[in-house]
Trainee: 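The following block contains the structure, expressed as structure tokens.
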Amino acid sequence: MKKVAVIVSALCMLIAPLAGIAANPDQDLKDFRDHFTKKFPSVPLQDFTNGVYSVDKASREQWEAFEDFPPYEIYVDKGEDIFNTPFKNGKTYSSCFPQAEKGIKQNFPYFSEKRGEVVTLEVAINECREKNGEKPLKYKTGKMAHLTAYLAYKSRGHKGNVQIVDSPESMAEYERGKKHFYAKRGQLNMSCADCHYYNAGGKVRADILSPAIGQTSHFPVYRNKWSLANSSGDGMGTLHRRYGGCNKQVRAKPFKAQSAEYRALEYFHTYMSNGLTMNGPGVRK
Amino acid sequence: MRYTAKTISTATSVAALLGTLAFSLPSISIAEDASAIAEGKKIAFNRKKGNCLSCHVIKGGKLAGNIGPALSIEGVAMKDRFPDKSKLRAQIYDSRTANPNTMMPPFGSHEILSDAEIDKVVEFVYSL
């Protein structure tokens with residue numbers, strides 16, 4: 001019997017710290033922040049919301065000039081129109097998002113206990129449509145990007161405020177997203193972290209890699225590349241469009257936009273920018 | 001020396017078949033080496049193949065990245081960095097053998113490049 005007790009207590013000693021490591025979003029957030037503030041001591045924390053331009057002074061000026069006449073502006077206006085146009089049943093989006101004018105983007109994504117899944121703003125928008133008898137929108141481009149551009153614009157100035165619910169189901173999604181971020185994938189065998197954590201600020205060919213912190217604050221974005229004739233859409237794209245692009249770069253099969261996998265990734269990824277000021281939509285190369 | 005060894009042995013058997021040793025073996029393999037180096041360079045620089053420039057500065061390449069150490073360093077020959085050529089091949093075939101968490105793609109293990117292509121890239125890198 002004595003032996004059993006010893007084994008049990010040894011097991012407890014082993015498991016306890018592991019359990020602690022398995023789910024500690026607070027600590028993760030602190031470590032994540034520390035990593036970048038140490039790596040880029042001259043960059044003020046809030047400036048990371050400017051993505052690659054926070055660490056690449058050379059291209060910053062050009063980008064700031066872009067921001068003087070932002071190409072996403074007309075899409076913010078389009079999004080506002082869509083938002084205020086009644087559905088066939090006479091209701092509008094504001095019946096689902098009564099706080100939209102004051103800014104809601106900072107609270108997304110969130111974990112719904114009732115449904116046991118991560119809810120992103122895009123998913124909430126399509127649910128609102130379906131509840132009101134409208135067809136869902138495509139998730140990567142077009143009207144969805146315009147609507148979210150408008151909602152992001154309304155959220156400017158708010159601080160990222162994602163809540164990681166302390167329940168086993170929510171933690172499992174958080175862990176799944178975290179794992180996606182650090183896992184090597186694709187034929188080229190690279191993780192998000194390889195490019196945007198360990199080598200942030202480094203150069204891959206002529207591209208400077210943005211730090212992962214602050215990456216989510218300004219979505220959706222207008223990209224020149226996405227406005228070209230060989231690209232779908234008008235330049236605007238959602239965060240999951242970008243996830244897919246980055247997965248493809250390493251020759252991995254991208255997941256579907258708004259798949260459980262990408263929603264979990266967004267849950268983790270966006271939480272890592274909590275406390276940073278929302279500044280969407282953005283413009284990028 | 002994989003590539004060279006192979007070329008020499010083919011060269012030898014061809015020579016044996018022809019029943020003549022009129023060509024001098026060394027000059028054949030030097031010519032073959034030079035073309036292996038040139039082909040290796042093309043593979044290394046090709047974005048759809050090695051794309052080594054995305055991470056390494058290499059003489060003659062434009063728009064190089066800086067994720068990995070420069071492969072061309074003034075006054076430091078690759079031969080001195082890798083006295084054992086098979087170690088250089090291993091680094092390119094699967095860089096995880098040296099660093100399990102490396103960002104450098106496992107060109108051989110993940111079949112990004114064929115064995116023959118890797119042999120040529122090794123010849124090229126060894127010439128730096």
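Computed from a predicted model, the values in this text were never measured in an experiment. Heavy atoms only: backbone and side chains are in, while hydrogens, waters and symmetry mates are out. So that the names make sense, note that chain A is the first sequence line, chain B the second, and so on, each numbered from 1.
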Trainee: Taking everything shown except A:Phe40 itself, do over 12 heavy atoms lie less than 6.0 Å from its CZ?
Mentor: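 Above 12, so yes.
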
Trainee: Can you name the residues that form a salt bridge (Lys or Arg N to Asp or Glu O under 4.0 Å) with A:Lys184, not counting sequence neighbours?
Mentor: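 Salt bridge (Lys or Arg N to Asp or Glu O under 4.0 Å) check on A:Lys184 returns A:Asp194.
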
Trainee: Using non-hydrogen atoms and a 4.5 Å limit, figure out which bit of A:Leu209 sits close to chain B: side chain, backbone, both or neither.
Mentor: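 Side chain only.
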
Trainee: Got more than 12 heavy atoms from elsewhere within 6.0 Å of NZ, A:Lys57?
Mentor: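 Yes, NZ of A:Lys57 has more than 12 neighbouring heavy atoms, counting only those of other groups under 6.0 Å.
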
Trainee: Do any of residues 64-75 of chain B have a heavy atom less than 4.5 Å from a heavy atom of chain A, and if so, which, in residue order?
Mentor: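 The residues closer than 4.5 Å to chain A, in numerical order, are B:Ala64, B:Gly65, B:Asn66, B:Ile67.
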
Trainee: With a strict 4.5 Å heavy-atom criterion, list every residue of residues 96-106 of chain B that contacts chain A, or say none.
Mentor: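 Interface residues of residues 96-106 of chain B: B:Arg96, B:Asn101, B:Thr102, B:Met103, B:Pro105, B:Pro106.
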
Trainee: Of the listed residues (A:Gln187, A:Arg205, A:Lys203), which shares the most heavy-atom pairs with chain B below a 4.5 Å separation?
Mentor: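 Counting heavy-atom pairs under 4.5 Å, the top option is A:Arg205.
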
Trainee: When rounded to the nearest 0.5 angstrom, what distance separates CG in A:Leu188 from OG in B:Ser54?
Mentor: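 Separation between the atoms: 8.5 Å.
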
Trainee: CG/A:Asn189 to CG/B:Asp94 distance, rounded to the nearest 0.5 angstrom?
Mentor: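 Going from CG on A:Asn189 over to CG on B:Asp94, the span is 8.0 Å.
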
Trainee: Enumerate the residue pairs fulfilling salt bridge (Lys or Arg N to Asp or Glu O under 4.0 Å) with a member in residues 42-68 of chain B, sequence neighbours excluded, ordered by first and then second residue.
Mentor: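 Every salt bridge (Lys or Arg N to Asp or Glu O under 4.0 Å) pair that includes a residue of residues 42-68 of chain B, provided the two are not neighbours, is B:Lys49-B:Glu117.
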
